[in-house]
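Below you'll find the structure, written out as structure tokens, and then a few comments.
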2 protein chains.
Amino acid sequence: MGHVTGDGTVGKALAVLDQVAAFGRPVRFSELLAQSDFPKPTLYRFVQTLTNQQMLAYDPDRQTYAPGVRLVRLAHAAWEQSTLAPVARPHVDALSKAVGETVHLAQLDNAQVLYIDKRNAANPVQMYSQAGKVGPAYCTGVGKVMLAFLDDAATEKVIAQQSFHVFTEYTLADADALRHELDEIRAHGYGFDREEHEPGIICIAMPILSEGGRVLGALSVTSTTNRTNLAGLEAYEPVLRETAAKIARDAQNWSFPDYETKEATGI
Amino acid sequence: MGHVTGDGTVGKALAVLDQVAAFGRPVRFSELLAQSDFPKPTLYRFVQTLTNQQMLAYDPDRQTYAPGVRLVRLAHAAWEQSTLAPVARPHVDALSKAVGETVHLAQLDNAQVLYIDKRNAANPVQMYSQAGKVGPAYCTGVGKVMLAFLDDAATEKVIAQQSFHVFTEYTLADADALRHELDEIRAHGYGFDREEHEPGIICIAMPILSEGGRVLGALSVTSTTNRTNLAGLEAYEPVLRETAAKIARDAQNWSFPDYETKEATGI
DNA sequence: AAACCTTGTTCCATTATTTGAAACTTGGTT
DNA sequence: AACCAAGTTTCAAATAATGGAACAAGGTTT
């Protein structure tokens, strides 16, 4: 009767997995139970099953559960197969070198922004700890440009799922403000983050669209108000647009020819 | 009657997820069906459910399934929470700087080696494409030292799951050869890879053990026969041992104090 | 040391969900 | 028009999930 999860047993089990991941730290069974809708034996069995399946890892010393190693292995496959990330990598590299600022590559995940790749101008890549991170869609450059180029039904569905927390004085605080912004973005073909998420942080963002106009992802160049301003970022628009086009083209023609690459790792 | 998966519906669904990941490329429903034990509607529903749950991503243009973005998000949590990886990071950095060779941090996943972190001496980190990778346990330095320090029952269970593919002329080709090698490793406290997995690639590996003697993971320093030899690698034994000890200590005392770190990302 | 928690684990009759053979739809091919 | 392959839906039978209750196992208090 009226469940949040849907998708039967599997959906429920995955909800438990999310719950553990959301804790951000190893968690005890009782902690999960306290904030769960499931009765004790049901939750217990889910946790057991997930642990058996290595989706959760149980630490017997501390009696805690944490997301398991199987996820890391699966995510490796996800990242390598996601048509965007591996195809985009050389282009993101080139863009990063060209602009000398932080570059992000993102996709839409549910109604959130998921960062798939990142180049930090200053300190060399530290990807795993950044890629995989999620952020709000309504107040980030990449989020807004992706929203702007979905079809109307999809856009509204995602808008309905935004929480509209006000981070700064520039944050778009409601659905109407966001809709208006999306119109602007559609008109220009790209968008900005005007310190909407964090004070002093600005960016220019470009959608990555397939030939058919489907949203594949988005690119952004980020900087700070100390170093530049929106007009300064706008100078990157041509190279951003070109990079997005190249990524879209390559993603289109991608057909996994180099399967079975015996990449030399050595332990 | 006699299933491989176990763990009910959830286990079966996750087996399908693994199957998709194992393809290494986006895959059609019919391809999955062809190599699946499940009847058509059953497999169909699993794929649907997993897609709903964003564990799989469906590409409508190509009619293919690939591992989904939710996995990347979950893996991010897994990596950050796995007691070893974040705790080990600074020590792995230091070790990498000290030895100037490729350094690997690994854990046991099922009966395989899972690389959790990596420092490449030459080109700066490219983690996501390396971490998450799995390798054989019986013919890698990290794999063997972890096996050596499991309890007997666990060791035998893992040995039984090895496939003993012969990669080079030095590969340990059967369980007995491996058992003998494990005895040696237990006697010394550390181990080598003598070109057992790839010609010209050698390493010295050190287990990371908790106070209670539980295997937490392993560290290795890898090089080539062009640059050095086993005696040369042995010079790294003290710093490796010390690093492993530091990681174990920190993993022990880790209690997630810095939860709620509002890390400044900016888009 | 007895009574009393709190946390984790097992039982088992009831209930709801998964299951899969068969039938059907869709789009492309002979 | 007939055919074929890939994907999707149906529905009664089989199976697996469910959760109230009762049971261990450590700890703490009286």
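Everything numeric here is computed off the predicted structure, so don't read it as measured data. Computation of the quantities below employed the complete heavy-atom set of this structure, encompassing side-chain atoms and omitting hydrogens, waters and symmetry-equivalent molecules. Sequence lines set the chain letters: A, B, ... in the order given, protein chains first and strands last, and positions in each chain run from 1.
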Interatomic distance where [atom1] belongs to [X] and [atom2] belongs to [N] [whole Å]:
| X | N | atom1 | atom2 | answer |
| --- | --- | --- | --- | --- |
| Leu43(A) | dA17(D) | CG | P | 15 Å |
| Phe46(A) | dG8(C) | CZ | P | 18 Å |
| Gln48(B) | dG20(C) | CD | C1' | 16 Å |
| Asp59(B) | dG7(D) | CG | P | 13 Å |
| Leu33(A) | dG8(C) | CG | C1' | 10 Å |
| Asp7(A) | dT17(C) | CG | C1' | 13 Å |
| Asp37(A) | dT18(D) | CG | C1' | 15 Å |
| Arg28(A) | dG26(D) | CZ | P | 14 Å |

*What pair of heavy atoms forms the shortest contact from Ala111(A) to Gln161(A), and how long is it?*
CB-CB, 3.6 Å
*Would you kindly compare Arg45(B) and Lys40(B) by the position of their nearest DNA chain D nucleotide and give the one closer to the 5′ end?*
Lys40(B)
_Whether the side chain of Gln162(B) engages the backbone of Ile159(B) through a donor-acceptor N/O pair (distance < 3.5 Å, no angle test) should be reported._
no
*asked:* Test salt bridge (charged side-chain N to carboxylate O under 4.0 Å, His left out) on Asp59(B) and Arg214(A); report intermediate values, then the result.
replied: CA-CA 11 Å; Asp59(B) 180 336; Arg214(A) 269 205 313 136; 3.6 Å; yes
*Is any side-chain nitrogen or oxygen of Thr9(A) closer than 4.0 Å to OP1 or OP2 of dT18(C)?*
yes
*asked:* Does a side-chain N or O of Thr42(B) approach OP1 or OP2 of dT19(C) to a distance below 4.0 Å, or not?
replied: no
Between [options], which nucleotide has the shortest distance from any of its atoms to the side chain of [X]?
| X | options | value |
| --- | --- | --- |
| Phe29(B) | dT9(C), dT18(C), dT8(D) | dT8(D) |
| Pro39(B) | dG20(C), dT17(C), dT9(C) | dG20(C) |
| Tyr44(B) | dA21(C), dT8(D), dT18(D) | dT8(D) |

*Take Asp18(B) and Arg70(A) through the test salt bridge (charged side-chain N to carboxylate O under 4.0 Å, His left out) and record every step on the way to the result.*
CA-CA 9 Å; Asp18(B) 268 351; Arg70(A) 188 176 180 182; 2.7 Å; yes
_By the 4.0 Å heavy-atom rule, please label Pro41(A) as base, sugar-phosphate, or nothing._
base
*May I ask you to say what Ser30(B) touches in the nucleic acid, namely base, sugar-phosphate or nothing, with a heavy-atom cut-off under 4.0 Å?*
sugar-phosphate
_Please report whether the ring centroid of Phe38(B) lies less than 6.0 Å from that of Phe46(B)._
yes
